[in-house]
Amino acid sequence: MSSPSSNEPENLHWSTGKACLYSGLFLVISLMTMLLLNLLCSKLQPESNLTPSNHSERPMYQPNMNKLEDYDMPASDEVFVIMAGEESPSCLAKPMVAVASVAQLCEQLSPIPNRKPNNMSKILLFQIVHSTPRIHPRTVTSILSKPLIIPSVSKCYSPISPFHSISLPALKHHFHSPSFSFPSSFSTRAFDDSSSSIETQNEKEEKVGEQSEIEEYPSGEMEYEKISGWKSFVVKLKMLIAFPWQRVRKGSVLTMKLRGQISDQLKSRFSSGLSLPQICENFVKAAYDPRISGVYLHIEPLNCGWGKVEEIRRHILNFKKSGKFIIAYIPACGEKEFYLACACKEIYAPPSAYFSLYGLTVQASFLGGVLEKIGIEPQVQRIGKYKSAGDQLTRKSMSEENCEMLTSLLDNIYGNWLDVVSSSKGKKREDVENFINEGVYEVEKLKEEGFITNIHYDDEVISMLKERLGVQKDKKLSMVDYKKYSKVRKWTLGLTGGKDLIAVIRATGSISRVRSPLSSPSSGIVAEQIIEKIRSVRESKRYKAVIIRIDSPGGDALASDLMWREIKLLAASKPVIASMGDVAASGGYYMAMAAQTIVAENLTLTGSIGVVTGKFNLGKLYEKIGFNKEVISRGRYAELLAAEQRPFRLDEAKLFEKSAQNAYKQFRDKAAFSRSMPVEKMEEVAQGRVWAGKDAASRGLVDAIGGLSRAIAIAKHKIKIPQDRPVTLIELSRPSPTLPEVLSGIGSSIVGVDRTVKELLQDLTFSDGVQARMDGIMFQRLEGFPNATPLISLIKDCLSSL
């Protein structure tokens, strides 16, 4: 018996011969395919000066894709489809179908520059019943680069071939579909001698740009989920071990008095004012806190903008999703206060309540005539026809452009107020407007018309709450106020964030480059401090995204530009979202436009892309009081800003104007660059015009409408984490005021320098350079001072506008 190894040479020879036989057959088949391809491609090349056929257009031929299986093309192969016109009437009976490699087709149709053939890809060449002109070599690229129009077929791209392709199974499926048909003709631009491929590419880029502008962002709306099960047990355990000052009795009512100024900054234990972040956080905590039965709001005249009012109103509506009650008590009420109260479930007012629902106004005061009488000539250079900052110093009346801008803003605010109030009360907008036009001041009439729930004093409302909560009349209703509840940690309620960290940088107030010796560390936006925070976030790997919260009418243009640069560098390394409060205009918008996404409230005041600068000519005033000043200088323009005792010379005035124009062009061009907008289009929305948030969004200055919650949702979207996953917000701004600031304020009061005088001295800095600032008077009039016009406040506003 022979061993198994004795047959190995015979098997080896048989295998080798079999391989050679298969190789030979494959070579023969390949040569036959190449000959067939050469024959077919030669028929594609018509004679010169080929004219279109006179045959009438026939119905489209539906090719039978089952024949493609004969070519044994695997599903993974990429299929390139090209339409070719017929050459002669003899070809009308049947379409020509050929399969070839990219390299062979390119060789027949002449080489295409910068195209690397992919021999693994296939090309299906269909000849349809339609005549086409001669295909020039230079237009082959354009034809092949156009995607085949097939409904619901997703494109895939070859890693080697630059042509568009679709997968074979998808192509077969849609050829079998009765609704599928080939286009009867190409675009004539595809056969033009001009470089249509470049035009086609430009069209694609424009479409891609349009799609990116319509990017959908998550809404950030709160979805309330009741705490239950094991998590509820953990929350109760945390409540037991909480510090005494963080404990709240079960069945308590959270009371908050919303009145006066509301800051966008965090407040420390030494502050007495209200903080928007802490108000919003209290609403969130109260919604999930099992110890809180409901919220009792005292709403009195507010000194804040409509942006903050929108944010608070949104949190009131979110709190109502918890099913707990929320009641508003309004002893003194205007439009802004009633706007907030309408979000509550019930509204009560005392019989003697002050109601002034008369409508909204915008005021502007002018000092031009006053300064002229006392011998002061303001020489202001403002760029932008809507840039009203400085008008109150130079003009005696409102300009047409300023009137147009203020009218538009007022219409936005008043229209939004009517829409929200009518929707909340289930009334028609026309009925609400007619009711306001009658002059509303009687509480009984408000109750009759259904605008308030009932007329009660505060103690009567508390008694009603005691009855509702089952508290005996002789017992005291358990209530926790805003300040105490602010000390309750979110950790106690199981509202801790996740491992993903998002940094929050708050920028509030007027913009300056360095801190003034007379200003407190927390007053205004100091560029060097903000830049330091931005750089620390950029260098840190802890933070996944950054939210820059801006509430500023602007200020120093140089400081704004320096912060813009740092925010731009930060946005290159991680997502940056700008969230606007009451106002983010001029220098405030300068900061925001560096972010990847800008979020604003409906009534946020933003835009004001323009600059203003100037100086006072005090020559006549000096002459009246007998004061004299002489200047010795070297250099042609050395006295440009130093000589306040005389007006500008002609050459100095031209240089001053050119300097302001240069600053405006830099601002406008950077805005266009940051918003991916042509300079010409940006010029249309610039010119120093202030826009309401929703108008700014429709003009490309803002990306989304919403508050901080939506900015957080967009940040999650940018870092690609689920919306239901919690994140941890890290506030990089210190709560204010700190104890040293409080002591500093006491010392200032002792020496007789209070905060108002310090602000006046700080703002009186004309020589600091060009300012990117929104009109302070207009801002404050819209913010809630329609009737207060003390002279010192007016002067302060005028000076701060420069």
Side-chain angles (χ1 to χ4, degrees), residues 218-256 258 266 274-297 311-328 340 343-346 465 468-470 477-502 504 706-713 715-716 721-731:
S219 64
E221 291 185 4
M222 172 185 172
E223 296 181 3
Y224 177 79
E225 295 181 6
K226 188 175 181 180
I227 299 176
S228 59
W230 173 254
K231 190 174 182 180
S232 176
F233 171 77
V234 173
V235 169
K236 292 178 180 178
L237 184 61
K238 290 180 178 179
M239 290 177 182
L240 288 175
I241 63 175
F243 292 109
W245 56 85
Q246 295 180 358
R247 295 179 183 176
V248 178
R249 285 187 178 183
K250 188 174 182 180
S252 296
V253 175
L254 173 61
T255 62
M256 290 194 289
L258 303 181
L266 295 172
L274 295 174
S275 167
L276 179 66
Q278 288 168 347
I279 291 173
C280 298
E281 183 179 296
N282 281 353
F283 276 118
V284 175
K285 291 186 297 186
Y288 288 95
D289 195 337
R291 303 166 298 181
I292 298 296
S293 301
V295 175
Y296 182 29
L297 285 181
E311 184 84 14
I312 296 173
R313 190 176 191 278
R314 183 180 299 109
H315 278 79
I316 292 175
L317 296 175
N318 288 338
F319 174 82
K320 291 169 67 176
K321 296 178 182 179
S322 66
K324 300 177 181 181
F325 69 83
I326 180 166
I327 294 175
L340 264 186
C344 300
K345 191 173 183 180
E346 302 171 43
L465 291 178
R468 181 179 299 183
L469 298 175
L477 180 64
S478 179
M479 306 178 78
V480 54
D481 62 12
Y482 158 84
K483 194 165 186 177
K484 181 178 180 181
Y485 198 67
S486 297
K487 298 176 183 177
V488 176
R489 297 174 59 190
K490 296 175 69 175
W491 173 86
T492 307
L493 305 173
L495 299 176
T496 53
K499 63 179 181 179
D500 299 306
L501 305 183
I502 296 179
V504 179
L708 187 63
S709 58
R710 189 166 196 192
I712 296 171
K716 290 182 180 180
I721 66 174
Q723 290 296 315
D724 56 353
R725 184 192 298 180
V727 294
T728 301
L729 300 181
I730 305 298
E731 292 276 359

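Start at 1 with the first residue, then count along the sequence. Being a predicted model, the structure only gives us computed values, none of them experimental.
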**Q.** Pair Asp481 + Lys483, salt bridge at N-O below 4.0 Å
**A.** no

Q. For Phe325 and Tyr296, what are the C-alpha separation, side-chain angles and deciding distance, and is it a ring pair (Phe, Tyr, Trp, His ring centres under 6.0 Å)?
A. CA-CA 8 Å; Phe325 69 83; Tyr296 182 29; 8.7 Å; no

Distance-minimising heavy-atom pair for [X] and [Y]:
{"X": "Gly220", "Y": "Ala713", "answer": "CA-CB, 3.5 Å"}
{"X": "Pro218", "Y": "Arg710", "answer": "O-NE, 2.9 Å"}
{"X": "Glu311", "Y": "Cys280", "answer": "CG-SG, 3.8 Å"}
{"X": "Ile312", "Y": "Leu340", "answer": "CG2-CD2, 3.8 Å"}
{"X": "Glu223", "Y": "Tyr288", "answer": "O-OH, 3.9 Å"}
{"X": "Asp289", "Y": "Lys324", "answer": "O-NZ, 2.6 Å"}

Q | Intermediate values then yes/no, side-chain contact (heavy atoms from CB on, under 4.5 Å), Gln278 and Tyr482 | A | CA-CA 9 Å; Gln278 288 168 347; Tyr482 158 84; 3.2 Å; yes

Q.
Rounded at 0.5 Å granularity, tell me how far CZ in Arg468 sits from CG in Leu477.
A. 11.5 Å

Q | Partner of Lys716 by side chain to side chain contact (heavy atoms under 4.5 Å, CB included), out of Val727, Asp500, Asp724 | A | Val727

Strictly distance-based, threshold 3.5 Å: is any side-chain N or O of [X] a donor or acceptor partner for the main-chain N or O of [Y]?
{"X": "Lys320", "Y": "Ala343", "result": "yes"}
{"X": "Thr728", "Y": "Gly498", "result": "yes"}
{"X": "Arg249", "Y": "Met479", "result": "no"}

Q) Passes side-chain contact (heavy atoms from CB on, under 4.5 Å), Tyr485 versus Val248? Steps please. A) CA-CA 8 Å; Tyr485 198 67; Val248 178; 4.2 Å; yes

Q.
Less than 4.5 Å apart, side chain to side chain, heavy atoms only: is that true for Val480 and Val488?
A. no

Q.
Quick one, Pro726 and Thr496 - any side-chain contact, counting heavy atoms below 4.5 Å?
A. no

Q: Please step through side-chain contact (heavy atoms from CB on, under 4.5 Å) for the pair Cys344 and Leu297, ending with a clear verdict.
A: CA-CA 9 Å; Cys344 300; Leu297 285 181; 4.0 Å; yes

